[in-house]
Amino acid sequence: MAQQRAVGTRAAILAAAASVFDRCGYDAATIAEITARSGTTKGALYFHFSSKEELARGVLRELTGVLAVEPADSHVQELIDMTMALAYRSLRDPIVGAGLRLAGERGSVDFSGAGPLPAWAGLSEDLLLRAAERGELLPYAVPRETAELVVSAWAGIQVYARVAAGRRDVERRMSVLWAHLLPSVVMPRLLLELDVAPDRGARVEAVRALRSVSSGS
């Protein structure tokens, strides 16, 4: 029972910290606001995390596990779905929003080395390599370069969308990116089959939720 309470307290602290980091950024966030939002004490917070920096790194560690590839008819669609689902979650999951902000900020602490972008580029490259093996890519498309371009553009879209619209239109912006990028890397026969609609992420997440319920997880 005590262990379950400790796990619950840690999760509450992380969720509260993510919400504060997402709204304020790292430097402006305070331990006092995080503890107030989580309903815990400073003692409880410092039991689980030695400092605000360690708490931010804890949020980033949570973020590295949020990507999942849903099965689709093509590996290119799986990559699209992965990015669109992440865009959808960035508006609704504080861990995702905060982690992306922390990974891109250059304040008093540089968290870029702890961020998920290199890992996401690796996963994207793997999907594109499999897409190439199945003849989904144009012959001159380079999976590694394309993967890094997708992740770099995704990160840039997050930054610009935050400045321009409080990140509210990030799904539309991601849809626009894919509409412009795909003709330069994907075989023409696939272009009309690929779904890059702004609500694609919402639909992918809905399917994932149904699968989770049906599997009992």
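Positions are given from 1, in the same order as the sequence printed here.
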TODO: Sorted by first residue and then second, give each side-chain hydrogen bond (donor to acceptor under 3.5 Å, both in side chains) pair with at least one member in residues 176-190; sequence neighbours left out.
DONE: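 Only T83-W178 qualify under side-chain hydrogen bond (donor to acceptor under 3.5 Å, both in side chains).
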Counting only N and O atoms by type, is there a donor-acceptor contact under 3.5 Å from the side chain of [X] to the main-chain atoms of [Y]?
X    : Y    : value
R37  : I34  : no
S19  : A16  : no
S90  : A87  : yes
D81  : G201 : no
R134 : R130 : no
E136 : H75  : yes
Y26  : E53  : yes

Open item on the list: Set out, in order, the CA-CA distance, both residues' side-chain angles and the distance that settles side chain to side chain contact (heavy atoms under 4.5 Å, CB included) for V76 and L182, then state yes or no.
Closed with: CA-CA 9 Å; V76 173; L182 287 174; 3.9 Å; yes
Nearest heavy atoms of [X] and [Y], plus distance in Å:
X    : Y    : answer
L138 : V186 : CG-O, 3.6 Å
K52  : I31  : CB-CD1, 4.0 Å
A72  : E78  : N-OE2, 3.3 Å
A17  : V59  : CB-CG2, 4.5 Å
G99  : L60  : O-CD2, 3.4 Å
M84  : V196 : CE-O, 4.4 Å

Answer with yes or no whether the hydrophobic clustering places [X] together with [Y]; edges join I, L, V, M, F, W, Y residues whose side-chain heavy atoms lie under 4.5 Å apart.
X    : Y    : result
L191 : L149 : yes
W154 : L128 : yes
V204 : V150 : no
Y46  : L55  : yes

Quick one: are [X] and [Y] in side-chain contact, heavy atoms under 4.5 Å?
X    : Y    : answer
L91  : R167 : yes
D169 : R172 : yes
F21  : R101 : no
S74  : L194 : yes
F49  : L14  : yes

Open item on the list: One pair to check against side chain to side chain contact (heavy atoms under 4.5 Å, CB included): D199 and E171. What are the steps and the verdict?
Closed with: CA-CA 7 Å; D199 69 337; E171 293 168 283; over 6 Å; no
Pairwise distance [atom1]([X]) to [atom2]([Y]) - rounded to 0.5 angstrom:
X    : Y    : atom1 : atom2 : answer
L177 : I157 : CG    : CD1   : 4.5 Å
L117 : E148 : CG    : CD    : 11.0 Å
M187 : L137 : CE    : CG    : 9.0 Å
S124 : L79  : OG    : CG    : 4.5 Å
D93  : D22  : CG    : CG    : 9.5 Å
L127 : M82  : CG    : CE    : 5.5 Å

TODO: Evaluate the criterion side chain to side chain contact (heavy atoms under 4.5 Å, CB included) for residue pair Y140 and V185; output intermediate values, then yes/no.
DONE: CA-CA 8 Å; Y140 54 77; V185 295; over 6 Å; no
- [ ] Run the numbers on R57 and E54 for salt bridge (Lys or Arg N to Asp or Glu O under 4.0 Å), then give the verdict.
- [x] CA-CA 5 Å; R57 293 186 183 278; E54 178 57 29; 5.5 Å; no
Open item on the list: Between R200 and D195, does the salt bridge (Lys or Arg N to Asp or Glu O under 4.0 Å) criterion hold? Intermediate values first, please.
Closed with: CA-CA 7 Å; R200 178 65 181 180; D195 186 349; 3.2 Å; yes
TODO: Carefully, step by step, assess E70 and R211 under the rule salt bridge (Lys or Arg N to Asp or Glu O under 4.0 Å).
DONE: CA-CA 11 Å; E70 290 295 299; R211 287 178 178 162; 2.5 Å; yes
Task: Criterion side chain to side chain contact (heavy atoms under 4.5 Å, CB included) on Y88 and V170, from CA distance to verdict - done: CA-CA 8 Å; Y88 173 84; V170 67; over 6 Å; no
Task: Cation-pi, Y160 ring and R162 (6.0 angstrom, 45 degrees) - done: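 Not flagged: R162 not positioned over aromatic ring of Y160.
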Open item on the list: Using a 6.0 Å cut-off, check whether atom CG of D73 has over 12 heavy atoms from anything other than its own residue.
Closed with: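 Open: at most 12 neighbouring heavy atoms sit under 6.0 Å from CG of D73.
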